[in-house]
2 protein chains.
Amino acid sequence: MNKKQLVVKLSGALNLSKADAERTFDTITNTILDALKADDSVKIAGFGTYKVAKRKARVGRNPRTGEQIQIAASQKVKFLPAKALKEVFNK
Amino acid sequence: MNKKQLVVKLSGALNLSKADAERTFDTITNTILDALKADDSVKIAGFGTYKVAKRKARVGRNPRTGEQIQIAASQKVKFLPAKALKEVFNK
DNA sequence: TTTCTATATGCAAAAACTGCATACCCAATT
DNA sequence: AATTGGGTATGCAGTTTTTGCATATAGAAA
């Protein structure tokens with residue numbers, strides 16, 4: 001399912017125009033992103049937690065040439081599924 | 001930030017009551033979950049992709065006792081941040 | 001049409017996962 | 001508004017899993 005299909009579903013479920021549904025959805029993702037940018041984690045009960053994970057620098061490799069490469073430290077957004085979410089998929 | 005705080009922010013940004021903002025948000029998470037339950041991945045351009053990862057059974061270990069443990073196969077929801085999202089946190 | 005994403009490759013190192021106790025924070029009920 | 005029940009974070013070791021490097025291409029999405 002892509003974003004467009006999701007927006008269509010939301011449009012129906014929320015009784016909104018597609019444009020409004022999309023705007024609503026974008027507002028939510030932006031709100032979450034803003035919190036993450038401010039180095040805050042976002043905990044959503046029954047769904048999961050978004051947090052920014054810091055990854056250390058390390059040695060990588062160019063798979064084509066086999067050549068070693070230094071990989072800089074980086075940050076990435078992590079999503080940790082809530083307990084309820086894990087149970088849904090393991091019953 | 002927890003769900004309640006997020007709902008308050010959305011309520012302001014979307015000009016909705018808190019109850020409506022929460023209902024809207026729940027509808028979105030439920031829609032995503034339904035797709036995942038149907039074994040579909042959810043790809044949101046500019047944000048990320050949710051998919052269900054299947055993990056095989058394996059042998060683990062109790063860190064306290066060192067005892068070997070059989071771990072059953074399981075599934076978990078994975079979130080892969082989109083390119084745009086990685087860039088935000090690495091500039 | 002033009003941008004975005006998945007894939008596939010080998011390999012080193014970081015990170016996750018396991019059980020479990022404690023502390024903590026949140027959500028819901030009274 | 002306050003209490004309580006429950007989910008979540010943390011630390012521990014050692015093994016499994018994941019990550020992410022470059023790059024082209026195919027396919028899909030905006």
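So that the names make sense, note that chain A is the first sequence line, chain B the second, and so on, each numbered from 1.
One finds the OG1 atom of Thr29(B) at 9.5 Å from the CG atom of Asp34(B) (value rounded to the nearest 0.5 Å). A distance of 12.0 Å separates CZ of Phe47(A) from CG of Leu80(A), quoted to the nearest 0.5 Å. Note that the CE atom of Met1(B) and the NZ atom of Lys43(A) stand 12.0 Å from one another [nearest 0.5 Å]. Once rounded to the nearest 0.5 Å, the distance linking CZ of Arg55(B) with NZ of Lys78(B) reads 8.5 Å.
Between Tyr50(A) and Tyr50(B), the ring planes lie perpendicular to each other; the angle is over 60°, past the 30° to 60° tilted range.
Within the 4.5 Å cutoff, side-chain heavy atoms of Lys54(B) are placed close to those of Asp39(B). By the 4.5 Å heavy-atom criterion applied to side chains, Thr24(B) and Thr24(A) are counted as neighbours. Residues Leu85(B) and Phe79(B) meet the side-chain proximity criterion, which asks for heavy atoms closer than 4.5 Å. Inter-residue side-chain proximity for Gln70(A) and Val59(A) is flagged as met; some heavy-atom pair is nearer than 4.5 Å.
A close approach under 4.0 Å does not occur between any side-chain nitrogen or oxygen of Lys76(B) and OP1 or OP2 of dA16(C).
Val7(A) and Ile32(B) end up in different hydrophobic clusters when Ile, Leu, Val, Met, Phe, Trp and Tyr side chains are linked at under 4.5 Å.
Of the two residues near DNA chain D, Ile71(A) and Lys3(A), the one whose nearest nucleotide lies more 5' is Ile71(A).
When the local axes at the two ends of the helix from dT1(C)-dA30(D) to dT30(C)-dA1(D) are compared, using 5 base pairs at each end, they differ in direction by 150° after rounding to 10°.
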Whether each nucleotide of nucleotides 2-15 of chain C has a protein heavy atom under 4.0 Å at its base (B), only at its sugar-phosphate (S) or at neither (-) is summarised, 5' to 3', as ---SS--BBSS-SS
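Remark: Lys3(B) engages Glu22(B), Asp26(B) in a salt bridge (charged side-chain N to carboxylate O under 4.0 Å, His left out) (not counting sequence neighbours).
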Name each donor-acceptor pair under 3.5 Å that joins a side chain in residues 8-18 of chain A to protein atoms two or more places apart or in another chain, with its distance.
from: Ser11(A); atom 1: OG; to: Leu16(A); atom 2: O; distance (Å): 2.7
from: Ser17(A); atom 1: OG; to: Asp20(A); atom 2: N; distance (Å): 3.0

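Taking atom CD on Gln75(B) and atom C1' on dC17(C), their separation rounds to 17 Å, with Å as the unit.
For DNA chain D, the contact window with chain B, defined by any atom under 4.0 Å from a protein heavy atom, covers dG11(D) to dA30(D) in 5' to 3' order.
Within residues 26-36 of chain B, no residue is approached by DNA chain D to less than 4.0 Å at the level of any non-hydrogen atom.
In this structure, Val42(B) and Ala35(B) approach most closely via the heavy-atom pair CG2-CB, 3.7 Å.
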